[in-house]
There are 2 protein chains.
Amino acid sequence: MNRDAPPPTRPTIADVARAAGVHASTVSRAMDPAARHRISDAVALRVTEAAAALGYRPSALAAGLRSGRSRTVGVLVPDLTNPVFPPIVEAIEQSLAARGYVTLLANTAGDVERERLIVERMAAQGADGLILASAARGGPAVALAARLGLPLVLVNRRLPPGEDGSAISFGSDDAAGLRAAVAHLVALGHRRIAHLGGPAGTATAADRLQGFREGLAAAGLVLDAAPLAQASAYSRAAGRVAMQALLATGGFTAITTANDLLAMGAYDALEEAGIAVPGGMSVTGFNDMPLMDRVAPPLTTVRIQHATMGRLAAEALLGRLCGTEEPAESVRLVPQLVVRASTAAYASP
Amino acid sequence: MNRDAPPPTRPTIADVARAAGVHASTVSRAMDPAARHRISDAVALRVTEAAAALGYRPSALAAGLRSGRSRTVGVLVPDLTNPVFPPIVEAIEQSLAARGYVTLLANTAGDVERERLIVERMAAQGADGLILASAARGGPAVALAARLGLPLVLVNRRLPPGEDGSAISFGSDDAAGLRAAVAHLVALGHRRIAHLGGPAGTATAADRLQGFREGLAAAGLVLDAAPLAQASAYSRAAGRVAMQALLATGGFTAITTANDLLAMGAYDALEEAGIAVPGGMSVTGFNDMPLMDRVAPPLTTVRIQHATMGRLAAEALLGRLCGTEEPAESVRLVPQLVVRASTAAYASP
DNA sequence: TTGTACGCGTTATCAT
DNA sequence: ATGATAACGCGTACAA
């Protein structure tokens, strides 16, 4: 009741056309940077001013319906509260927004059914493409997107060898990261090294375990002797449980984990067991999440380039959508070992 | 080249109508749960089967264009890498998805111009409503959304007294949280307490400072003597800088901070200054982010209900969009002090 | 209970 | 360089 009733209806292209004394098509051309060359500067100016005066904003819905491109990209994440993903999503959103695209976000919660539903909903929304940060291998998203004709890009997740080869991926060389972690522990004198792996069905877990094995082999250590555990999820709670199981058998002086959250869970279990880090056990993580330098003890971990991954994925997808650029290739960024205080030289008992 | 060319064009409502031998409007009715009562069960079944056989998914674009509701909600966040926001956003997305809504995510990066652009873009996208987690007060979003007729809900941010009173907000009782922190420090024997505040122009910073003052007053302490600093952002780096400034003058044995990230920055500065926590300085945070129990020393902080806030905000907005439910009221959840090891009894020098 | 007709706001195409 | 026209896919009065 401030003034009279404000018009709740947004001005349309027809209103602008009327105000500028031109046809709607001309307005459309004047608003499209790619087509503004096709009309006279005088008319373009008149239209632009009329549009500004009316506060005209083209309806993306209508434009999308007509053009078939909604300038919208869906981003699928398994769990936004896992600190790995926010920097990735933020970089994606930024890159997308810079080119006028809107980001559709959805949590799959690692649920296959939800994943299917989300992909379908995004397709129904007219999303032009998908970025999949969902780690779950074997999820229906890749195949479904292909079937729906939705361009798809993977981030923080390797291209599954068996599945559709047209999916580009942007991730880290996970195996290299774990080889570096193992080499570091070996250099410190550790010989009996365990691995706390990620959940089954994730490419990252497989690759990191593979890197662990390669690292042991490179050091001439016995693979069969290495204690292994597999966490049920990339979470602190799951890491604690897996570490407890590992400790029950024992026989190792250092452990590599597939993920910083798992490492935090390992800290929990070690604390409960009265084992000091790194005095009684050296621990390494993966990802270098924020605050890993402030936990007790500061975690030796493998730093990956979250933001770069996100940016590259977004740009690759945009390139594919515009079709102007040559198709991008998958990239595996090189991670970097960050040595802190959770690892120490092996002290013989 | 697996088989022959798969039809890249999705089936439309007309295809389903043809396949089921009915008119398109009948299909529309059959797909709409609210209108299915108006057609015979036999026809509804035939239509449903035809739709399933063709893999028909209604175009949300076309439906939105026609109906004016896109089943889309925009979520604005200042900085997704601030650990406060992921749980909020996740809860929002979940609540929205449960009711068939899609989440549009955007980072404002605390930039007023970006904020304006994003709101306009979401309006252009046909978003049915907005959820603003952006902390910046005085940003154009609230007014702009009102002008565009976009329902808006605030989360983790109090209703600004001066601005449009129609905006509902879901946050914490920030002042109460800080009062509790101060009371805790006073009970430990501290008398000279400082406050490391949040950035200017955020409601949370103002409310928490206010709570700090109320806490001092309640304890009968002198307000004027309390050292105050204002961080330039809710970030660890900004917290470190502000703490350095505070330490330069000194004269306090405990400090409350407006945010856990700021507390982490304070840790950094204290470490550099060679001051032990809590031996030489007691520190409290705000938010109880993940891992605050694992940093060194574990942080005494104020826990807020991120997920509940997000869920309530989403449900309030949905209620307003559907119009069926009575308009929700703003809620201020009660935070809870979590005492850990960053605070200790005052030890006279 | 079902069909008809129309319009949502835009852009592509053709014509001028 | 600009105007006219049709169509994108759907929902909804209204008629039957």
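Distance, A/Arg46 CZ to D/dG3 C1': 13 Å, rounded to whole Å. Taking atom CG of residue B/Leu61 and atom P of nucleotide C/dT11, one finds them 12 Å apart after rounding to whole Å. Between B/Ile13 atom CD1 and D/dG11 atom C1' the separation is 8 Å, expressed in whole Å. D/dC10 atom P lies 13 Å from atom CG of B/Asp32, rounded to whole Å. The CG atom of A/Leu65 sits 12 Å away from the P atom of C/dT10 (whole-angstrom rounding). Here the C1' atom of nucleotide C/dG9 and the CZ atom of B/Arg69 are 18 Å apart, to the nearest Å. Look at CG on B/Asp15: it is 9 Å from P on D/dG9, rounded to the nearest Å. The CZ-C1' distance, from B/Arg38 to D/dT12, rounds to 12 Å in whole Å.
For A/Val22, counting side-chain heavy atoms from C-beta on, the closest listed nucleotide (D/dC10, C/dT11, D/dG3) is D/dG3. Taking the side chain of A/His23 as heavy atoms from C-beta on, and the options D/dG11, C/dT1, D/dT5, the nearest nucleotide is D/dT5. Side-chain proximity of B/Arg29 to C/dT2, C/dT10, D/dC10: nearest is C/dT2. Side-chain proximity of A/Pro58 to C/dT2, C/dT10, D/dG9: nearest is C/dT10.
B/Thr26 comes within 4.0 angstrom of the backbone, heavy atoms only, and of no base.
When all heavy atoms of A/Arg71 and A/Gly100 are compared, the closest pair comes out as NE-O, 3.6 Å.
Between A/Phe170 and A/Leu154 there is no side-chain heavy-atom pair separated by less than 4.5 Å. Between A/Val89 and A/Leu80 the shortest side-chain heavy-atom distance falls below 4.5 Å. Side-chain contact between B/Pro151 and B/Leu130 is absent, with no heavy atoms from C-beta onward closer than 4.5 Å.
Put simply, CG on B/Leu312 and CD1 on B/Ile168 are 11.0 Å apart, with the number rounded to the nearest 0.5 Å.
Contact of B/Arg66 with D/dG9 (side chain to base): no donor-acceptor pair of N or O atoms is detected under 3.5 Å.
In terms of phosphate contacts, B/Ser28 brings no side-chain nitrogen or oxygen within less than 4.0 Å of OP1 or OP2 of D/dT12. Considering only side-chain N and O atoms, B/Ser25 lies nowhere under 4.0 angstrom from the phosphate OP1 or OP2 of C/dG3.
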